[in-house]
Amino acid sequence: MNWQKILDRLSIPGLILLVLGAVAATQAEKYCKSERLCMIARIAGLGSALLGAVILLDLIPGL
């Protein structure tokens with residue numbers, strides 16, 4: 001299996017959004033002091049992870 005061809009097909013912005021969104025959603029309790037801010041950080045993290053997955057799956061062509 002040629003890994004270079006697989007890595008060339010991946011979208012870097014989608015991968016970055018997916019990873020940063022997952023980290024923000026899972027580590028929100030550690031960085032936020034109030035419960036309300038923690039919930040907002042989780043929702044924003046999940047939203048960016050979802051957007052990154054959509055970009056990686058190539059549902060938005062050209063990104």
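Gln27 is linked by a side chain to side chain donor-acceptor pair (under 3.5 Å) to nothing, counting only residues two or more places apart in sequence or in another chain.
Taken to the nearest 0.5 Å, the CG atom of Leu46 stands 12.5 Å off from the CG atom of Leu51. For the atom pair CD (Glu29) and CD (Glu35), the distance works out to 7.0 Å, reported to the nearest 0.5 Å.
The two residues Ser48 and Gly21 have their closest heavy-atom pair at OG-CA, 3.1 Å. Closest of all the heavy-atom pairs between Ala41 and Ala28 is CB-CB, 4.0 Å.
Each of Ile12, Leu15, Leu17 was evaluated against Ile55; a single residue qualifies, Leu17, per the side-chain contact (heavy atoms from CB on, under 4.5 Å) test.
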